[in-house]
Amino acid sequence: MFATQPIASGSPLPAVLSSVSHDQDVVMAAEQLYRNLQVQPLSLVLFFCASQYDLEALSKALKARFGDIPLVGCTSAGEISDEGYTQGSITAIGFSAEHFAIEVALFNQLADFSFSDAQSLVHGMLEGCRQKQVAPIMGHSFALALLDGMSVREEQLLNVLNAQLGSIPLLGGSAGDDLHFRDTYVYYQGQFHSDAAILILVNSRCRFEVFSIDHLIDTEDKLVVTEADSNQRRVIELNAAPAAEEYARAIGLSVEQLDPHVFAMHPLSVRIGDRYYARAIQKVNGDLSLTFYCAVETGIVLTRSRCGDLAEGLESLFEGIRRKIGPPQLVIGYDCIFRRLESEQRALEGGISSLLSRNRVIGFNTYGEQFNGMHLNQTFTGVALGGPDYGS
Amino acid sequence: MAVKVARQRSTPLSEATAEPGIDVLIDVPSPQQQSQHQLQQQLDQARTENAKLHKINRALMQRVESGAGRQEGAYGNFEHAVFLAEQVREQTLALNSALEEIKQSHQALKQANHQAQTAHSNLQDAIESISDAFVLYGKDRRLLLANSRFKQFWQASGVDIRPGVHYEEMMELAKKGRLIERYYGAGKGLGTTSAPLGDGKVFRMRGGGWLQVSQRKTGDGGLVVLYKDITSLIENERALRERELAHKSRVLQHTLDNLSQSVVLVNAFNQLETWNQRFCELIGRPTKDLKQGDSFTQLMAGTEVSDLNPCSRDADGKPCLRLEQKLSDGRILEICTHPLPSGEFVNTYTDITERSRSAEALTQAYQHLELRVDARTAELTQVNQQLLQEIDERRMIGNRLLEAKKEAEQANQSKTKFLAAASHDLLQPMNAARLFSASLLEHPLQDRTRALVQSLNYSLEDVESLLAALVDISKLDAGVVKPDITAFNADHLLGNLANEFQTLAAQSCLDFHWVPSTAVIKTDSQLLARILRNFLSNALRYTPLGRVVLGCRRTAAGVSIQVWDTGIGIALDKQQEIFEEFNRVQHDNSDRDKGLGLGLAIVDKMSGILGHRVSVRSQPGVGSCFSVLVPYGQLDQSQQREASSHRHQSSYLPLQGSRVLVLDNEQSICQAMQLLLEEWGCEVVTARSYDDIHKQSQWLQDLDLIVADYHLDHQQTGLDALQRMATELDIQAPVLMITANYSNDLKQQIRAFGYQLMNKPVRPAKLKAVLQHLLSRAVEQE
């Protein structure tokens, strides 16, 4: 555990705190987290937990321990704590009430979600935030989202939310489940929910910088989606051949060899405008169709990409952050699971881990990231929190 | 458009699942191997390919045609989101840069504002600090800026100054308020409005102050006007001027009052302007009676003083500017009137009483003076005549004196001649006689004869001495003896003397000591020799037994040459007398006691001539010491050499066998000499003149010595003869010249030749010594 020191002198208490617990006993874990975070009044605790926990027990323990303190979180495919990449742990961030005014809302029944619902919810949140704001809403607020990664309605939801939030940057991660692809949940008000999304509106007097980076380099290989099931995010045919077969052939492997690691190492991306956006493959289905983590459609052209330098990308990102807001107190990071898989595959995990730890990244490995209304894959997205710059 | 797919042939899955790629890279088998089956396969492949491409084409076309803007599906949302994000990004960028620019320009603006602000406040401060009232009008002549002084000025008149007020309005206000009373400009009146308050103009305020205006156009067509309050300046000037005026008039009055004249200034209206105290006194009115403006004519009418003014005319009708008036109290007044250009006139009244009297006295004195001058002239003429007479007399006396002097000189010369003659004539026979007697002595004689001859010798000696002494005294009295001062070794003389007296002392059974000395003395050796000889002979004479010592003692003042004896001594009271003539101490008559008592008298006179002090110390019964103080001398080089050489010489060679020439015009002398010298063993040749020498020249070779007399017959001198001898006959030898002539010139001459000199009378003993000396010197020099 490390307590981040605020940059402003004279303020003895840090603006954000983080904690991690590897204890499998939920009560002990909750206790540990509480002890480390409860040094000052908190406006929110945000946690990411491994899905292997007994979620029922965990939710009870957390509620018991944290009481009235607002607590939100989600399951993850892996955690990032002050130790770097961790597994099977709970990592948590505490936001001090002095520096942060936070409103939280849950969007469930995603299937039935409508535009007007979103509108009223978001307005309500904004109003609530305004009333307890610690800085003007404009320019001093950002929104975090936690989505159920298995839900296929992420794009629509995001669209709507983004529209409502306007200039307030929206970023978030899709909850994971250690690559089981079954049990992804988000936690809100003492309960784990699925098929839901949590929106956290953060008004802060600290400086912050939102970011989203990837490390993919495109090639000349193109695969045209000749048949796809958009609703299920399933590509049935690539280049008029069974998707899996075509993909395997394109990357020079057999269909049997295809697994998440392979997907991580041989990403596909779609080009919009001048930029390429990764489209991550979730799994191979029995009918040799490929399920993706994100929206697909017939007729889109996928480009085979290759991975660049993970570490270099992260380095330059943090360099840029430091230039803009100074050394950050904490970075909330949504790191795509594929990046972690790739680093494992390339035996870079240790280096990346220490890099993340050095730059105070706390977060989790996602099944997808959201950034400014875009649902992305294979990125490292998040927000870096700097020192107070308003009213201190 | 074909879609290329790069293949990796590295790990082919199986040959069976042949890649349905578009680029069919199939090894083209040889035509033989190509079978129908294979072709069919290829066709199938191509068909499948085609179908695929068709499908791909259809999917793509479907997508394109349906438009990328669809938003319903998830992918559409995604696309839309991306587009939006892209737009947002671009716009954010633009916004940011715009914001940046705005921020910068805002900054610049703020700075500019700040600068303008500062400048403005600086300006305000500046104009506030000006002591003048300052106002700035813009191009439209509306007030832009005014300092507080300007505002105050207007406030006093109840006008509130605001920016924007027009220049014209201000002028109107000024006129209305009648603020300006008067101004001094280019002569324009107050009515003109065009530029009433122009540059440098001064105007007077109603309140009594003075202002000076300066105007200046600004760069942008505005107008700056400065109002300088010069009230205090003007007042100061005024005060100064008044003070000066007051001062001047005071000074004037002082001057007037201090004049010895009475002065009055009357103006063109015949009124009193200025007058001085004396004027009041003159006209007999007290000062306070007179006022400026009083009528002059009236005033003057009341006094006896004439009223002279520029209008006055004299007897001829011409303007009279000067008048002399005698007043009743006897004073004489000179009245002058000086008209001034402005119609005024100044009158001066000068009391010239004194002056007149002085003039009178002067005239009288002048007349007296003339008389006196005449009288004086007569006196002077008389005196002049007397003086002329006296001069004549004096001249005659002078002439007589000259004559007397001539006679005296002649007498002196006669005396000298006489003495010389006398000495020569007297002494010559004496000399001869002595020589004869001396030579007689040389002959073998019987005892009785010898005794007689001896007595004769002594008598002759005595006579000679006496005569010589007499002659000496006379010479000394006549003052013809001139000392011949040279520097020489004392021993040179003393040695000779010692030699002489050694034998004499022995004869009297007295001890004689001579103390040598290295002293060098400067004196006449001959005279000194005489003095010392006298001392020595006296010593011998008056010492019955004991000793006589001759020596020198060096003192600060000179060398004291002393002769000590253990004789009878001289009583103190007699020590002065002994130097008188013909004075002798009582002594028993012995053979040798012959003398006139002139010795010390001669010594006294000689020492006087030389300037050497002679002193005596004596105790009766014990002895005496006679000394003479001689100054130190310094030998010159040649003499020193001679002296040193002399020191070596201590022996006197005998005359035996030496050949001697005797040259003397007196036959008797020659004879006598010859006899004497032959007695001494010399071979003698005599001559009486050069011709004689000439005749005997063949016998005159190898001469050792020459003894010559100076005076020869027929005005010839021994020197001439010797010269001729040397040049014509080539006969040379050491010369001893004998002469009675004591003159210095001769001595110098003889010395110059290197000859030895001896004076007559010649003592034989001395002669011998000198000859021996000459001989040995000659030998040494050879």
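Heavy-atom basis, side chains included; hydrogens, waters and symmetry copies ignored. In what follows, chains carry the letters A, B, and so on, assigned in the order in which the sequence lines appear, proteins first and then strands, with residues in each chain numbered from 1.
- When all heavy atoms are compared, the tightest approach of A:G373 to B:A81 is O-CB, 3.1 Å.
- To the nearest 0.5 angstrom, B:K52 atom NZ is 11.0 Å from A:L238 atom CG.
- Atoms CD1 and CZ, on A:I272 and B:F78 in that order, are 4.5 Å from each other to the nearest 0.5 Å.
- The shortest side-chain heavy-atom distance between A:Y277 and B:E79 does not fall under the 4.5 Å cut-off.
- Heavy-atom pairs under 4.5 Å with chain B were tallied for A:T219, A:N372, A:V296; the largest tally goes to A:V296.
- Taken from CD in A:E237 to CD1 in B:I56, the straight-line distance is 9.0 Å, to the nearest 0.5 Å.
- Surrounding NE2 of B:H166 are more than 12 heavy atoms belonging to other residues, nucleotides or ligands, all under 6.0 Å away.
- With values rounded to the nearest 0.5 angstrom, B:Y75 atom OH is found 4.5 Å from A:I300 atom CD1.
- Between B:L60 and A:V301 there is a side-chain heavy-atom pair separated by less than 4.5 Å.
- For the side-chain contact (heavy atoms from CB on, under 4.5 Å) with B:K55, the lone residue among A:N239, A:V224, A:T226 that qualifies is A:T226.
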